[in-house]
Amino acid sequence: MGAAPARIPVTVIGGYLGAGKTTLVNHLLRNAAGRRIAILVNDFGALPIDADLIEAQDDDLISIAGGCVCCSFGSDLMGALAKLAQRTPAPDHLLIETSGVALPGGVARSVALLAAFSIDGVAVVTDAETVRARTADPYMGDTITRQLAEADLVIVNKTDLVTPDSHADLHMWMAQAAPRARVVEAVRGRIPPEILFGGFELDSMRAGTGLLSTGNLRPIEDASARYASASFELPDAVDVERLARALADPACGLIRAKGVLRDLDGTLKALHLVGARFEVTPFAGRGPTGLACIGLRDRFDQAAIERIAGLSNAAIFSKTP
Amino acid sequence: MKMTTIYRARRILTMNPARPEATHVAIRDGRILGAGSLDELKGWGAYTLDDRFADKVLMPGLVEGHSHTSEGTFWRYTYVGYFDRTDPEGRVWTGANSIEAAVERLKAAGAALKDAAQPIAGWGLDPIYYGERRCTRQDLDRASPTRPVGVLHASGHILNVNTKALELCGLLRPGVDHPGIPLGADGLPTGELKGPEAMMPASPHVGFDREILACDELGLRYFAKLCVRKGVTTAADMASQLPQEAVEMMARVTGEPDFPVRVVSLRRFLSIAPDELIKRALELRGASSNQLRLGIVKIVVDGSIQGFSARLKWPGYYNGAPNGLWYVAPEQLRAALAGALEHGVQIHAHTNGDEATELLLDCVEEALAKHPSRDHRFTIQHGQLINAAQFRRMKALGMCVNLFPNHHFYWGDQHYATTVGPERAERMNACATALATGVPLAIHSDAPVTPLGPLFTAWCAVNRRTASGRTLGEAERISVSDALRTITLGAAYTLKLDHEVGSIECGKRADFAVLEDDPTEIGRERLKDVRVWGTVQDGRIFEAPKAP
């Protein structure tokens with residue numbers, strides 16, 4: 001095909017100590033559903049992976065059930081990334097768990113320098129109970145403020161520990177603190193994994209066998225009924241860049257979109273969107289085409305999405321509810 | 001009968017206040033029997049009188065309290081720095097006084113390479129001395145358009161590469177969005193890569209391989225040669241993650257019968273939980289030998305001032321740059337400090353900005369309340385912006401400091417004009433305040449960031465002269481005798497080695513710096529010009545080779 005080799009999508013997970021980054025990572029591993037997830041951790045803390053998930057461990061690599069791996073990168077993130085890029089099979093998705101005082105946006109910009117990776121999004125985990133007090137800390141306050149300002153997605157964790165009244169306050173506050181981010185709530189890091197990974201695997205599409213109708217789209221299972229999702233088949237060519245920009249508009253209420261689409265010039269493009277951040281890249285595979293979207297139920301405007309996508313001929317494949 | 005040798009010298013500066021000067025020193029089994037007159041030393045029994053140092057001045061072997069053995073590593077690359085610098089074999093590399101001169105030198109290095117794809121690697125570039133002009137990929141293309149070319153800056157934090165190198169690492173493309181990668185008018189990177197993340201994609205293509213740098217036997221040997229040239233007999237290697245293979249290599253090399261320097265290697269707090277860190281430090285301490293001392297832990301709290309990554313208190317940077325970065329969270333810092341005090345592990349903490357110092361002092365105070373400790377000697381490394389009030393707190397907390405006066409010379413003008421502004425630049429690295437407050441003081445080079453050489457560092461502390469000739473803070477200058485004590489006993493104290501080295505007196509190790517000139521007579525302006533003949537370490541004699 002002559003297209004560049006597939007890049008590994010990367011989610012940078014930031015947030016201060018104790019916010020629940022490690023809990024989130026373990027939750028995602030438990031719900032990997034066949035995805036080969038690689039994790040890079042930097043923290044000084046104890047073992048970052050729940051013991052029952054570990055299959056084997058040597059000095060710098062933990063092997064995890066389902067073909068997942070975890071490495072520590074210390075001061076050499078770029079070296080660890082270079083090593084990871086050599087692995088076969090390549091991971092489906094990379095999660096970088098930064099140190100509690102790192103600025104995840106800066107980490108993302110550095111990762112983007114390497115041709116083998118593409119940044120999917122910056123997720124910042126916060127503790128619903130303590131985040132506001134932390135931003136007032138004389139030493140750490142500005143660091144936490146900068147972490148939030150750089151986020152594409154804020155996961156407000158431990159919401160079971162705060163009263164419903166203060167939820168509303170917190171959301172108002174967060175809209176100021178993390179203006180470009182979509183905000184989701186969680187208890188013990190339990191978010192639908194599709195929010196970070198997207199609704200289907202590009203790999204199966206790339207092989208040309210991954211027909212949407214054979215179940216590669218994963219309608220999200222959302223016990224809390226907090227999220228809504230929909231998947232579309234788009235038989236017609238679209239201006240993918242323009243579509244992505246429109247989907248990034250907060251009015252659509254999207255948290256995450258992922259798709260393979262036929263562009264106006266006839267080539268296939270992959271679309272990744274997390275909050276306001278999106279990327280459109282050439283896609284080396286054969287179709288079919290499709291788009292999977294996830295949003296918060298109360299903000300999810302399916303009609304708007306269909307309008308934007310020019311979906312008069314589209315087959316809506318699945319949706320929740 | 002044990003062998004006793006008595007050396008006669010022109011003058012011996014002992015750093016022992018009870019007997020500050022002597023003409024003779026007697027040694028046995030690598031240790032000092034005493035310093036005094038020949039008559040006094042004869043009482044130790046049969047001896048051999050050795051006159052080889054009769055026209056030399058002896059000082060205690062100099063102690064470099066903060067360097068990196070990678071100073072030895074860089075000499076395999078081409079030196080293109082602004083200032084003259086002496087390599088491990090004694091060859092003086094004259095400074096490259098323009099970008100053109102640096103490029104010519106790289107071109108010549110390339111002409112000597114056989115393999116057409118082999119990169120040209122240079123180090124020591126310092127474009128701040130070339131005015132407004134920055135080094136670009138087009139400049140380095142003149143060294144070679146076909147080979148990858150890379151030049152590391154003196155600070156170690158910036159790499160300049162040519163077009164070929166950018167092409168090889170995939171950065172010769174529009175749309176690169178990174179604060180460490182400036183773009184030219186054509187939308188492509190200019191070739192300047194700032195910070196470890198921006199440098200890394202290109203580093204291996206231009207010959208800077210991190211794997212080699214992490215555990216480098218040749219570099220350690222070169223480092224030792226440089227120590228001999230500079231009169232250094234004990235040097236702190238500050239610090240690495242000390243993987244077992246590095247420890248084994250260092251133990252083997254430093255244990256060789258003709259290895260001339262005692263290396264104190266610190267374990268950096270990185271990728272390890274605090275309790276594991278303390279356990280590992282104790283394990284390392286147990287693996288120490290006479291020539292390799294292990295078991296101290298280094299913690300990096302913030303970044304650097306010239307990189308604007310140091311954490312400053314209000315009002316922050318003079319040029320309005322945003323505040324710097326934390327490299328450790330207070331929770332982790334507290335846990336490590338408390339664990340260290342509980343188990344008697346010493347901590348050296350890197351802070352550059354005064355806010356980082358303040359946080360460290362808060363955490364040390366808290367940890368000491370939990371685990372009172374009488375002689376912990378926790379030491380702040382760099383501490384460049386420590387203010388008078390902080391020195392008073394440090395005194396109360398029993399802390400030491402290892403300041404960085406070489407910065408005055410190399411970056412003092414920039415600190416004055418840009419980073420911290422005139423007032424704070426004049427009180428940076430406040431050696432006089434530290435001494436007046438009673439905080440035990442060492443001073444350092446942070447080699448390879450600035451060249452190894454305690455007598456040069458002493459000159460910087462005594463004169464506070466910048467590269468442009470400005471005296472940066474008269475009030476913080478210290479006397480020659482204070483400076484000489486600081487680069488011997490002072491540094492030894494911060495490494496908890498003052499009972500073994502740092503002065504020439506009965507019972508200590510026979511470690512001497514052998515000098516051609518007397519640093520107390522040459523004059524404060526010329527302290528850096530004192531010529532070093534070589535060293536004696538543990539009674540073994542090492543003459544620095546003459547320049548080829």
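Numbers restart at 1 for each chain; the letters A, B, ... are given by sequence-line order, proteins then strands. No experiment lies behind these values; they were computed from the predicted model shown.
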Practice item. Evaluate the side-chain proximity of B:Leu266 to B:Val297: yes if any heavy-atom separation is below 4.5 Å, no if none is. Key: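 Counting from C-beta outward, B:Val297 and B:Leu266 never come under 4.5 Å.
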Practice item. Would you check if B:Arg311 and B:Asn352 make a side-chain contact, meaning some heavy-atom pair closer than 4.5 Å? Key: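 B:Arg311 vs B:Asn352: side chains apart.
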Below 4.5 Å from any heavy atom of chain B, which atoms of [X] appear? Answer side chain, backbone, both or neither.
| X | value |
| --- | --- |
| A:Leu77 | neither |
| A:Leu103 | side chain |
| A:Ala82 | side chain |

Check your understanding: Checking A:Arg7 side chain against A:Thr281 main chain: does a donor-acceptor pair fall under 3.5 Å?
Key ->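 Flag not set: sc A:Arg7 to bb A:Thr281 has no pair under 3.5 Å.
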Exercise for review: Using atom types as modelled and distance alone, determine if a side-chain donor or acceptor of B:Asn319 lies under 3.5 Å from a backbone N or O of B:Ala321.
Suggested key: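 Side chain of B:Asn319 to backbone of B:Ala321, a donor-acceptor pair under 3.5 Å: yes, one is there.
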Which region of [X], side chain (C-beta onward) or backbone (N, CA, C, O), has a non-hydrogen atom less than 4.5 Å from a non-hydrogen atom of chain A, or is it both or neither?
| X | answer |
| --- | --- |
| B:Ile181 | side chain |
| B:Leu171 | side chain |
| B:Glu276 | neither |
| B:Asn323 | both |
| B:Pro204 | neither |

**Study point:** Short side-chain donor-acceptor distance under 3.5 Å, A:Arg188 and A:Thr23
**Key:**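 No, because no side-chain N or O of A:Thr23 sits under 3.5 Å from a partner of the opposite role on A:Arg188.
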**Study point:** Candidates A:Val10, A:Leu40, A:Ile8 - the one meeting side-chain contact (heavy atoms from CB on, under 4.5 Å) with A:Leu81
**Key:**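 One option only clears the test, and that one is A:Leu40.
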Point to revise | Charged N-O contact under 4.0 Å between A:Asp152 and A:Arg180 | key: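 Salt bridge present between A:Asp152 and A:Arg180.
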Point to revise | Residue among B:Ala335, B:Pro201, B:Ala356, B:Gly170 with most heavy-atom pairs under 4.5 Å to chain A | key: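 Maximum pair count with chain A is reached by B:Pro201.
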